[in-house]
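Presented below is the structure to which this report refers.
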Amino acid sequence: MGFMLSMTFLGTFCGVVLLALGVLALRQCWLRRPAAGLFLAAGGWLLVLAGLYAFTRPWNGVLGTAYGLLAFSIIAYVVVAVGIEIRSARRPAPISRALEPEDRRTNWLRGTAKAFLAIVLAGFTSIGLGLAFAIAMPFATHERIVVGGLLVPILWGAGMAWTLCDAKLVRATIVLLSASAFGYGVAFLPKVLG
Amino acid sequence: MDTRTETRPPKRQFLSAPFVQAMLAGHSALGIAFAALIYIVCVSGTVLVFLAELQRWEQPDGPVISAEVTPEFVADVLATVQVQARAEGAAHDIMLVGPTAHTPRFAAFYHDDDAGVDGDWLIDAEGLLAAPVEAPWAEFLAELHMELHLPRTWGLLLVGLTGVALLSSLISGILSHPRVFKDAFALRWGGSRRLQEADLHNRLGVWGLPFHVVVSLSGALLGLSTLIIGVLALAAYEGNSEKAFAAILGPMARADKSPAPLPDLASMIRQVQARSPQARFVSANIQNVGTAGQVVHLGMKTPGYLPMANMYFFDGAARPLGDGGLETGTVGQQILGALQPLHFGWFGGILVKLAYGALGLALTVIAYNGVTIWLIRRRDKGRPAERLERIWTALGWGQPLAFAVTAAVSLSGEEISLPAVYLATVGVAIAAAFAIRSVAAAGTALRLASAVSILGVVVLHAVSWAGQVTDPMAHFVNAALLLIAVVLALPVILRRRKPA
């Protein structure tokens with residue numbers, strides 16, 4: 001029992017150290033931009049992967065990965081916070097060269113159509129495609145239903161992002177309707193025909 | 001995400017400028033449309049990570065069971081609970097939730113939906129019904145996060161849609177951030193407010209991305225599950241949603257209502273432990289209890305796995321009907337078992353909860369200051385939206401204030417609807433934001449009001465429960481609340497002390 005505990009502690013400690021070293025290497029690479037930046041970045045990511053792997057050794061693979069990713073985010077936040085650059089309010093604000101959002105002319109009709117596409121039609125389509133996966137894929141019941149269910153928010157979110165950034169409403173409508181027809185066709189046609 | 005930086009972007013970008021600008025436009029539109037919902041769901045979700053601790057804080061005289069319970073103890077509790085449930089005419093379904101290392105309480109729930117009767121009890125170390133569960137504030141917060149206090153189906157759907165919108169924002173946020181790596185460690189504080197907020201937004205967003213994706217995806221799926229299963233039932237289960245749910249959640253009770261003895265939980269627990277000696281009792285859900293059609297879903301946790309428990313199914317005669325495979329089953333089964341613990345951070349004790357609290361707070365800040373960046377950008381362009389600025393400030397700082405006020409009302413024991421108190425407090429915060437001379441002053445005032453209210457809650461709790469606290473968790477939660485009050489008030493106090 002004591003041995004198991006010390007192995008768990010050792011694995012977790014190694015994971016934290018490797019993750020911290022990886023994040024620090026990435027920071028060195030992206031903030032200082034040294035000559036060997038590419039190697040430093042690759043090394044940083046390798047250390048992060050090694051840290052995640054170290055977490056999976058004492059813990060179960062899934063649990064270890066969850067712990068490792070949590071630790072990764074917290075360590076990165078700490079590194080960012082430690083490197084905070086305090087600026088004087090008296091210093092003039094820098095001239096922004098950042099890209100601004102596209103300035104689009106819009107009206108209520110267009111706004112309503114966009115909302116309909118992003119919320120209703122993208123949702124309808126993603127449910128249809130998730131349903132097609134849940135019914136037609138040759139996997140066990142749990143795989144089909146759970147993965148099909150997970151596809152719904154992913155596809156819906158992606159569809160929402162795309163329809164809101166695409167200025168061409170007709171294109172988005174045609175693609176979403178086609179995907180819906182495919183999804184619901186695969187899901188319901190066998191039942192209707194059989 | 002705002003990509004304001006000081007340096008000119010390189011000529012050859014992986015993402016073209018028009019693409020990034022279109023993504024930014026979509027990201028802004030989506031963020032603004034869903035901002036308030038995303039913010040409320042995030043802030044309540046962050047608090048809800050500590051649901052078990054808050055329930056113990058609300059009922060600090062509740063019995064604590066530190067030792068592991070034996071199979072016979074669980075069986076005796078079932079018998080005791082059934083007697084009470086029968087007396088109340090609610091012995092249809094019974095659920096027992098045993099103590100764990102992190103939550104040393106044993107609770108029992110029973111209900112009969114047809115009769116509209118239910119009961120919730122805490123069990124003491126003797127296996128007796130010690131006291132009804134009394135945690136209205138924790139319940140209020142849970143319903144706010146999961147259903148927004150709307151009718152259940154609509155509430156779940158709206159929260160699920162909010163999760164989708166959050167996921168979509170993450171996608172468009174990353175795609176509208178061409179310097180995601182190069183700026184990954186830049187956090188400039190002071191000087192330009194917009195640059196400061198944009199840096200904070202982007203750094204919190206990028207480094208917390210695994211967490212943000214997991215909670216938004218799992219939250220969206222949990223919220224939309226009723227809709228998805230409903231459509232799946234139409235296509236493959238003759239429109240029967242229960243059948244569709246049973247396909248993934250395990251066997252349901254049969255309709256045979258003829259009387260039968262209580263299921264032998266002790267025997268079931270021992271059967272599972274014969275296969276997995278380290279498995280410990282977590283929960284038991286007995287459907288159609290005391291009838292020939294009864295079915296038991298026994299939750300047993302083996303240390304080292306992520307799910308809160310694996311489900312083992314038995315009929316009324318303790319014959320095994322399979323298991324859910326949540327710990328070691330197929331990929332789909334393991335995903336199913338991981339959804340809830342991964343969403344709420346209920347899988348690794350207090351350290352994981354604290355990490356979830358920090359990352360949840362980060363997501364809350366991202367949701368809040370995304371709109372702030374948009375408002376600053378408008379102001380910078382000479383099109384300030386002062387009314388919106390006031391409303392947004394009030395909505396933001398009104399949440400900790402409303403949570404504190406609802407907690408105080410709940411502690412006072414007054415029979416007042418907590419959702420009504422919550423809405424009234426947010427309404428007052430908005431009115432105050434319009435009454436105060438500037439947006440910044442309104443933010444400061446509401447922030448201080450939140451700190452004072454939280455302090456008031458701690459004092460009220462200490463006075464109300466003086467000499468009755470048996471669960472040490474109450475002291476830890478009070479200490480945490482004090483710390484939150486100090487963190488809220490300190491920057492304001494320090495700013496006031498600074499010489500001009």
Side-chain angles (χ1 to χ4, degrees), chain A residues 26-27 30-31 59-60 62-63 66-67 69-70 72-74 76-77 79-81 83-89 91 93-94 96-102 104 115 119 127 130-131 134-135 140-147 149-150 152-154 156-158 160-161 164-167 187-188 191, chain B residues 2-8 17 20-26 28-30 163-165 167-168 171-172 181-182 184-185 187-192 203 207-208 210-211 217 220-221 224-225 228 231-232 235-236 247-248 304-306 330-336 338 342 347-348 352 355 358-359:
Chain A
L26 292 175
R27 182 179 190 277
W30 292 330
L31 219 56
W59 307 97
N60 159 282
V62 180
L63 192 60
Y67 287 157
L69 287 174
L70 277 178
F72 170 67
S73 291
I74 297 290
Y77 279 171
V79 171
V80 170
I84 190 170
E85 179 189 338
I86 305 289
R87 294 186 162 196
S88 163
R91 188 174 150 185
S96 171
R97 296 181 192 280
L99 296 171
E100 292 282 336
E102 192 179 50
R104 294 172 178 166
I119 296 171
I127 291 173
L131 201 59
I135 288 174
T141 309
H142 277 87
E143 265 68 39
R144 287 187 288 111
I145 296 180
V146 174
V147 178
L150 270 178
V152 173
I154 293 171
W156 195 343
M160 208 180 248
L164 287 174
C165 83
D166 194 345
F188 281 96
K191 191 182 175 189
Chain B
D2 196 299
T3 55
R4 180 171 172 150
T5 56
E6 288 180 290
T7 48
R8 186 182 292 281
V20 170
Q21 286 180 305
M23 269 294 161
L24 273 172
S28 295
L30 185 64
V164 171
L167 195 59
S168 183
I171 296 169
S172 58
F181 292 129
K182 287 184 177 165
F185 291 97
L187 180 56
R188 291 153 288 193
W189 203 263
S192 159
R203 298 306 85 81
W207 289 114
F211 169 84
L217 180 59
L221 184 59
L224 296 173
S225 57
I228 295 170
V231 183
L232 176 69
I248 50 172
Y305 291 97
L306 194 138
T330 63
V331 173
Q333 288 172 319
Q334 290 196 43
I335 292 174
L336 193 66
L342 272 185
F347 60 88
V352 168
L359 289 162

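Throughout, protein chains are lettered first and strands after them, A, B, ... in sequence-line order, and every chain is numbered starting at 1.
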For chain A, which of B/Ala235, B/Ala25, B/Ala184 has the most heavy-atom pairs under 4.5 Å? B/Ala235
Using a 4.5 angstrom heavy-atom cutoff, name the option from A/Ile154, A/Val147, A/Thr141 with the most pairs to chain B. A/Ile154
Contacting region of B/Ala165 [heavy-atom separation from chain A under 4.5 Å]: both
Atom pair CG (A/Leu63) and CG (B/Leu342), whose distance is rounded to the nearest 0.5 Å: 9.5 Å
Taking A/Gly130, A/Pro153, A/Ala161 one by one, which has the highest count of heavy-atom pairs under 4.5 Å against chain B? A/Pro153
Under 4.5 Å from any heavy atom of chain A, what part of B/Thr330 do you find: side chain, backbone, both or neither? both
Give the member of A/Val152, A/Val79, A/Leu150, A/Leu69 that has the highest number of heavy-atom pairs under 4.5 Å with chain B. A/Leu150
Given a strict heavy-atom distance threshold of 4.5 Å, which part of A/Trp59 is in contact with chain B: side chain, backbone, both, or neither? neither
How many angstroms lie between atom CE of B/Met23 and atom CG of A/Leu164, to the nearest 0.5 angstrom? 9.5 Å
How long is the span from the CD1 atom in A/Ile74 to the CH2 atom in B/Trp207, to the nearest 0.5 Å? 13.5 Å
Is it the backbone or the side chain of A/Ile84 that comes under 4.5 Å from a heavy atom of chain B, or both, or neither? both
Atom CD1 of A/Ile145 and atom CD1 of A/Ile135: how far apart are they, to the nearest 0.5 Å? 9.0 Å
Quick one: which of B/Val231, B/Val331, B/Ile335 has the most heavy-atom pairs under 4.5 Å with chain A, could you say? B/Val231
Of the listed B/Phe185, B/Phe211, B/Tyr305, B/Trp189, the one with the largest count of heavy-atom pairs under 4.5 Å with chain A is B/Phe185
I need the minimum non-hydrogen distance between B/Ile248 and A/His142, along with the two atoms involved. O-NE2, 2.9 Å
Honestly, the part of B/Leu221 sitting under 4.5 Å from a heavy atom of chain A is both
Atom of A/Glu143, atom of B/Gln333 and distance for their closest heavy-atom approach: OE2-N, 4.3 Å
Go through B/Leu306, B/Ile171, B/Val164 and name the one with the most non-hydrogen pairs under 4.5 angstrom from chain A. B/Val164
Residue pair B/Leu232 / A/Leu131: nearest heavy atoms and the distance that separates them: CA-CD1, 3.3 Å
Closest heavy-atom contact between B/Ser168 and A/Met160? OG-CB, 3.4 Å
I'd like to know which of B/Ala247, B/Ser28, B/Ala358 tops the heavy-atom pair count under 4.5 Å against chain A. B/Ala247
dist B/Leu167:CG -> B/Ser172:OG (nearest 0.5 Å) comes out at 10.0 Å
Non-hydrogen atoms of chain B under 4.5 Å away: do they reach the side chain of A/Leu26, the backbone, both or neither? both
What part of B/Leu224 lies closer than 4.5 angstrom to a heavy atom of chain A: side chain, backbone, both or neither? side chain
Here the gap from A/Leu70 atom CG to B/Phe347 atom CZ, rounded to the nearest 0.5 Å, amounts to 5.0 Å
With chain B, which of A/Gly157, A/Ala158, A/Pro101 has the greatest number of heavy-atom pairs at distances under 4.5 Å? A/Pro101
